[in-house]
Asks: 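Please see the structure below; I have some questions.
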Amino acid sequence: AFIINAPEEAVVDEPFDITILAIDKFNNFVKDFATQREKIIMEAQGKGYIFPSELTSYAFSDGKARLSLRYNRPEDIKIVAKVANDISIRGESNIVKIVPPKIKRFEIISPDTIIVGQRFKIKIIAYNHLDKVMSNYNLYGNTVILKSSGSGTLTPNKVPPSEFINGVATVEVMYD
């Protein structure tokens, strides 16, 4: 069988680490599992997709494998590992809560100088609570409100989430 140790919580589309232990019927590690040339199928009991979806027994050392997974939907799942040619050899994790990413901050890249009344481009980069670029901001983000530190006005002053591609929006704005 397999014992799967997984975190209680992970973020949609962000890697999270699990450990898979290969054990025999007496709960001892199968230390030579790497030599058995088995393909292990990884599944998630949920509506989304887990990646990677398979590995080989070569990933095991002394009966243990460490693996980084990603899951693409916010929902509660269990992770299942089973040997491809003998699905009775299997194991499943406790429930892992896959949560949507949360925005932590934006980075704005703009020109050093601009001409009043002329359009210029700015780049807005969204970062999640793990301080990584939030590549799926277009799916989970909100409209971004732009403000300036001067007494003028930026136009447009709103950037919808749909403008973000891989966590980055490039927008033409004007300062009056």
Side-chain angles (χ1 to χ4, degrees), residues 2-21 39-61 64-82 91-114 119-150 154-175:
F2 295 115
I3 296 172
I4 301 173
N5 295 321
E8 290 180 12
E9 188 175 285
V11 177
V12 171
D13 288 329
E14 290 291 338
F16 62 95
D17 295 331
I18 67 165
T19 304
I20 305 173
L21 310 172
K39 181 164 86 170
I40 295 99
I41 306 296
M42 302 300 298
E43 295 176 347
Q45 292 177 338
K47 295 178 182 167
Y49 296 99
I50 200 156
F51 180 82
S53 59
E54 62 182 53
L55 71 146
T56 65
S57 57
Y58 298 123
F60 286 75
S61 175
K64 300 176 192 173
R66 296 187 201 298
L67 184 63
S68 189
L69 299 175
R70 288 190 319 246
Y71 191 73
N72 69 335
R73 289 179 65 120
E75 62 183 347
D76 292 354
I77 63 168
K78 284 188 176 185
I79 300 163
V80 177
K82 56 188 173 187
E92 72 179 39
S93 70
N94 290 329
I95 291 175
V96 179
K97 185 176 187 66
I98 307 294
V99 298
K102 297 175 186 126
I103 189 70
K104 178 180 179 182
R105 65 182 176 93
F106 293 100
E107 180 179 337
I108 298 176
I109 300 170
S110 63
D112 290 337
T113 58
I114 61 162
R119 293 181 119 11
F120 62 97
K121 286 186 179 182
I122 62 170
K123 187 184 287 187
I124 306 167
I125 305 168
Y127 288 89
N128 68 16
H129 61 285
L130 302 173
D131 222 25
K132 294 181 180 177
V133 174
M134 191 169 159
S135 60
N136 51 11
Y137 189 82
N138 58 316
L139 300 174
Y140 298 103
N142 294 316
T143 298
V144 176
I145 308 297
L146 299 175
K147 295 181 180 179
S148 66
S149 59
L154 277 174
T155 312
N157 67 346
K158 294 180 182 177
V159 181
S162 60
E163 290 293 316
F164 285 80
I165 299 169
N166 293 325
V168 179
T170 302
V171 184
E172 270 199 2
V173 296
M174 183 178 68
Y175 184 72

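Starting from 1, each residue takes its place in the sequence as its number.
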Asks: At their closest point, which heavy atom of Pro74 faces which heavy atom of Pro100, and how far apart are they?
Replies: CB-CD, 3.8 Å
Asks: To check you understand the geometry: which heavy-atom pair defines the closest contact between Ile77 and Gly46, and what is its length?
Replies: CG2-CA, 4.2 Å
Asks: What I want to find out is whether Glu43 reaches Lys82 closely enough, with some N-O distance under 4.0 Å, to be called a salt bridge.
Replies: yes
Asks: May I ask you to test the Ile108-Lys123 pair for a side-chain heavy-atom distance under 4.5 Å?
Replies: no
Asks: Decide if atom CG of Asn157 counts as having more than 12 heavy atoms of other residues, nucleotides or ligands within a radius under 6.0 Å.
Replies: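 Yes.
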Asks: Does Tyr71 use its side chain to pair, donor to acceptor, with the backbone of Phe51 at less than 3.5 Å?
Replies: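 No, because the side chain of Tyr71 does not come within donor-acceptor range (under 3.5 Å) of the backbone of Phe51.
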Asks: Start with the C-alpha gap between Val159 and Phe164, add the side-chain angles, then the distance that decides, and say whether side chain to side chain contact (heavy atoms under 4.5 Å, CB included) holds.
Replies: CA-CA 9 Å; Val159 181; Phe164 285 80; 3.9 Å; yes
Asks: Measuring from atom CD1 of Ile20 to atom OG of Ser57, what distance do you get when rounded to the nearest 0.5 angstrom?
Replies: 11.5 Å
Asks: If you count heavy atoms of other groups shown closer than 6.0 angstrom to OH of Tyr49, is the number above 12?
Replies: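 Result for OH/Tyr49: open.
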Asks: Within the structure provided, determine whether Leu146 and Lys158 are in side-chain contact (heavy-atom separation under 4.5 Å).
Replies: no
Asks: Hey, are Arg119 and Glu172 close enough for a salt bridge, meaning a charged N less than 4.0 Å from a carboxylate O?
Replies: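 Yes, charged N to carboxylate O under 4.0 Å.
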Asks: Would a 4.5 Å heavy-atom cut-off, applied to side chains only, mark Val11 and Phe16 as touching?
Replies: no
Asks: Counting C-beta onward and ignoring hydrogens, is there a side-chain heavy-atom pair between Ile79 and Leu69 closer than 4.5 Å?
Replies: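 Side chain of Ile79 against side chain of Leu69, heavy atoms only: contact under 4.5 Å found.
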Asks: Is the number of heavy atoms from other residues, nucleotides or ligands within 6.0 Å of CZ (Arg105) greater than 12?
Replies: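 Counting neighbours around CZ of Arg105, more than 12 heavy atoms of other residues, nucleotides or ligands fall under 6.0 Å, so yes.
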Asks: At their closest point, which heavy atom of Ile4 faces which heavy atom of Gly91, and how far apart are they?
Replies: CD1-O, 3.5 Å
Asks: Please round to the nearest 0.5 Å and tell me the distance separating atom OG1 of Thr170 and atom CD1 of Ile124.
Replies: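 Interatomic distance, Thr170 OG1 to Ile124 CD1, rounded to 0.5 Å: 8.5 Å.
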Asks: Please examine the side chains of Arg70 and Ile50, heavy atoms only from C-beta on, and report whether any two atoms are closer than 4.5 Å.
Replies: no
Asks: In Å and rounded to the nearest 0.5 Å, what is the CG to OG distance from Asp13 to Ser135?
Replies: 6.0 Å
Asks: Does the side chain to side chain contact (heavy atoms under 4.5 Å, CB included) test come out yes or no for Glu9 and Ile98, once each step is laid out?
Replies: CA-CA 6 Å; Glu9 188 175 285; Ile98 307 294; over 6 Å; no
Asks: To the nearest 0.5 Å, what is the distance between CD1 on Ile125 and CG on Asn166?
Replies: 12.0 Å
Asks: Taking C-beta and beyond as the side chain, do Thr143 and Pro161 meet within less than 4.5 Å on heavy atoms?
Replies: yes
Asks: Mind checking the CE-OG spacing from Met42 to Ser53? Nearest 0.5 Å is all I need.
Replies: 9.5 Å
Asks: When the ring centroid of Tyr137 is compared with that of Tyr127, is the distance short of 6.0 Å?
Replies: no
Asks: With a 3.5 Å cut-off and no angle check, do the side chains of Asn138 and Glu163 form a donor-acceptor pair?
Replies: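 Side chains of Asn138 and Glu163: no pair found under 3.5 Å.
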Asks: For side chain to side chain contact (heavy atoms under 4.5 Å, CB included), just list the numbers for Val12 and Asn136, CA-CA rounded to whole Å, side-chain angles, deciding distance to a tenth of an Å, and then say yes or no.
Replies: CA-CA 9 Å; Val12 171; Asn136 51 11; 4.1 Å; yes
Asks: Could you go through the side chain to side chain contact (heavy atoms under 4.5 Å, CB included) check for Met134 and Tyr140 one step at a time?
Replies: CA-CA 9 Å; Met134 191 169 159; Tyr140 298 103; 3.9 Å; yes
Asks: Are Glu75 and Lys47 within salt-bridge range, i.e. N to O under 4.0 Å?
Replies: no
Asks: Got a sec: does the CD1 of Ile41 have more than 12 other heavy atoms crowding it under 6.0 Å?
Replies: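 For Ile41, atom CD1 is crowded (more than 12 foreign heavy atoms under 6.0 Å).
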Asks: Quick one: are Gln45 and Glu92 in side-chain contact, heavy atoms under 4.5 Å?
Replies: yes
Asks: Out of curiosity, Ser110 OG to Phe120 CZ, how far, rounded to the nearest 0.5 Å?
Replies: 6.5 Å
Asks: If every non-hydrogen atom of Ile40 is compared with every non-hydrogen atom of Thr56, which pair is closest and at what distance?
Replies: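 Distance-wise, the nearest heavy atoms are CD1-C, 3.8 Å.
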Asks: Please determine which of Lys102, Glu14, Lys104 meets the side chain to side chain contact (heavy atoms under 4.5 Å, CB included) test together with Leu130.
Replies: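 In the set Lys102, Glu14, Lys104, the residue that makes a side chain to side chain contact (heavy atoms under 4.5 Å, CB included) with Leu130 is Glu14.
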Asks: Mind checking whether Leu55 and Leu67 have side chains closer than 4.5 Å, heavy atoms only?
Replies: yes
Asks: Quick one: closest heavy-atom pair of Ala65 and Ala59, and the distance?
Replies: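 Where Ala65 meets Ala59 most closely, the heavy atoms are CB-O, 3.6 Å.
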